[in-house]
Amino acid sequence: MNVLVCGGAGYIGSHMVAHLIENNHQVVVLDNLKTGHKSSLLGGKLYIGDLRDSKILDKVFTENKIDAVIDFAAYSLVGESVENPLKYFDNNIYSTIKLLEAMNKHNVKYIVFSSTAATYGEPESTPIQESDRTFPTNPYGESKLAIEKILKWCDKAYGIKYTALRYFNACGAHINGNIGEDHNPETHLIPIILQVVAGKREKIMIFGNDYNTPDGSCVRDYVHVSDLASAHLLALKRLQNGGESRIYNLGNGKGFSVKEVIDVTRKVTGINIKAEIAGRRAGDPAILIASSEKAIKELGWQPKFNSLETIIETAWKWHKNHPNGYEEK
Ligand code: UDP
């Protein structure tokens with residue numbers, strides 16, 4: 001397959017590119033490199049440009065015979081989205097509209113779209129099922145939910161078949177140790193804990209210990225980035241085999257509290273990690289755990305790196321060997 005990966009130089013996108021190459025597919029990447037890293041690409045043909053620019057999209061689709069698209073290109077910081085919603089609606093929604101226009105023009109019929117657990121907002125029940133109510137509590141989640149709805153209508157009108165994958169907490173790094181997470185600023189739990197391990201940060205702040213959870217800190221479902229990548233390829237193959245458009249959750253179905261994640265990281269690294277309780281972070285639901293039964297059943301998805309120890313080991317391998325990330329900027 002010849003796959004266009006939009007946002008392929010980002011954290012999840014770069015693991016997708018690696019997975020496609022490892023499975024002998026041809027890869028074209030379109031990325032504006034605003035948050036992505038050129039050196040995270042282990043292969044593929046890179047076009048540097050913005051999805052909101054129809055000219056570059058035309059060029060990519062004209063110069064390459066694209067069979068299917070995987071779209072990761074988006075801003076994804078929840079806090080920033082609350083401060084600046086229009087930035088998120090413009091970048092995330094408008095760019096996908098332009099991408100769908102180009103796909104329709106060039107007769108490309110399959111897309112796997114990177115969605116999020118943030119489409120649910122505060123969950124109705126645990127574990128979360130795809131059929132549960134969606135009620136995003138921030139513009140980031142709202143932008144992704146809006147795109148899911150746009151995809152539904154584009155399927156009806158143009159026959160573009162889609163799979164939207166709602167990830168829970170993406171984490172870990174490729175087992176080869178060469179690609180991993182490098183955000184600036186970093187806001188995610190595991191990389192921040194590992195910065196403490198690496199001596200780059202004095203302590204980890206635990207955002208809230210008064211939640212209605214067993215130890216008072218928030219519970220999340222951590223899923224390895226390479227397992228996310230494998231689900232995307234399975235979803236593409238399913239569409240190519242005539243599968244209808246669908247939405248799937250991707251998580252491991254098991255929750256870990258912030259305190260448990262810190263404890264497991266202490267065990268994996270052998271380093272004592274200083275932690276301090278801080279106030280709650282705005283907009284954080286107490287518990288987010290996925291039911292991924294539908295993806296397991298319909299996609300045949302089998303997460304390989306589903307223990308928190310393995311997730312942290314792979315993340316640590318990357319961070320230890322790349323203390324300054326990709327060191328491009
Ligand atoms: N968290 C924390 N301290 C930090 C960063 C995150 O306690 O420095 C908590 C956060 O409140 C949430 C969990 O860790 O409950 C996971 O946060 P992250 O930002 O990694 O992912 P999110 O759940 O927001 O997608």
Side-chain angles (χ1 to χ4, degrees), residues 10-12 35 72 74-83 88 92 114-123 126-128 134 136-145 165-173 180-198 200-225 228 249-266 273-290 308 311-312 314-316 318-319:
Y11 170 44
I12 308 175
T35 54
F72 297 97
Y75 290 138
S76 60
L77 296 178
V78 167
E80 185 188 54
S81 79
V82 176
E83 310 260 299
Y88 276 67
N92 296 2
S114 159
S115 190
T116 169
T119 51
Y120 295 108
E122 194 69 47
T126 297
I128 301 174
T134 45
T137 49
N138 56 65
Y140 165 65
E142 197 78 74
S143 73
K144 292 286 182 173
L145 185 59
L165 298 175
R166 293 178 177 163
Y167 323 142
F168 282 64
N169 287 61
C171 50
E181 201 164 359
D182 178 5
H183 295 120
N184 190 13
E186 188 52 76
T187 62
H188 295 108
L189 181 64
I190 293 176
I192 291 183
I193 299 174
L194 291 173
Q195 287 178 353
V196 181
V197 174
K200 299 188 79 176
R201 209 181 262 260
E202 194 211 336
K203 59 192 170 193
I204 174 80
M205 307 303 288
I206 299 171
F207 295 151
N209 71 339
D210 56 351
Y211 284 97
N212 187 16
T213 59
D215 66 19
S217 64
C218 286
V219 171
R220 294 287 180 273
D221 184 339
Y222 294 89
V223 52
H224 195 280
V225 64
L228 292 180
N249 287 340
L250 296 179
N252 283 314
K254 196 165 184 290
F256 291 92
S257 72
V258 174
K259 289 179 187 172
E260 284 174 321
V261 176
I262 297 169
D263 275 343
V264 174
T265 313
R266 284 188 182 118
I273 298 160
K274 195 171 163 197
E276 201 172 292
I277 305 296
R280 290 182 177 198
R281 189 173 69 176
D284 263 344
I287 303 180
L288 287 176
I289 301 173
L308 188 58
I311 286 172
I312 293 172
T314 58
W316 180 225
W318 154 255
H319 285 285

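Whatever order the structure lists them in is the order used to number ligands and atoms, beginning at 1.
Taking Tyr167 as the reference, His232 meet the ring-ring contact (aromatic ring centres under 6.0 Å, His included) condition, with sequence neighbours excluded.
Panel note: side chain Asn138, backbone Tyr140; a donor-acceptor pair is recorded below 3.5 Å. No side-chain donor-acceptor contact under 3.5 Å links Asn92 to the backbone of Ser143. Side-chain atoms of Asp284 never come within 3.5 Å of backbone atoms of Cys218 as a donor-acceptor pair (strictly under, hydrogens ignored). Ser114 places no side-chain N or O within donor-acceptor distance of the main-chain N or O of Phe72, the cut-off being under 3.5 Å.
In this structure, CG on Leu189 lies 7.5 Å from OG1 on Thr265, to the nearest 0.5 angstrom.
For a heavy-atom separation below 4.0 Å, the residues in contact with ligand 1 are Asn169, Thr187, His188, Leu189, Ile192, Ile204, Met205, Ile206, Phe207, Cys218, Arg220, Tyr222, Val258, Arg281, Asp284.
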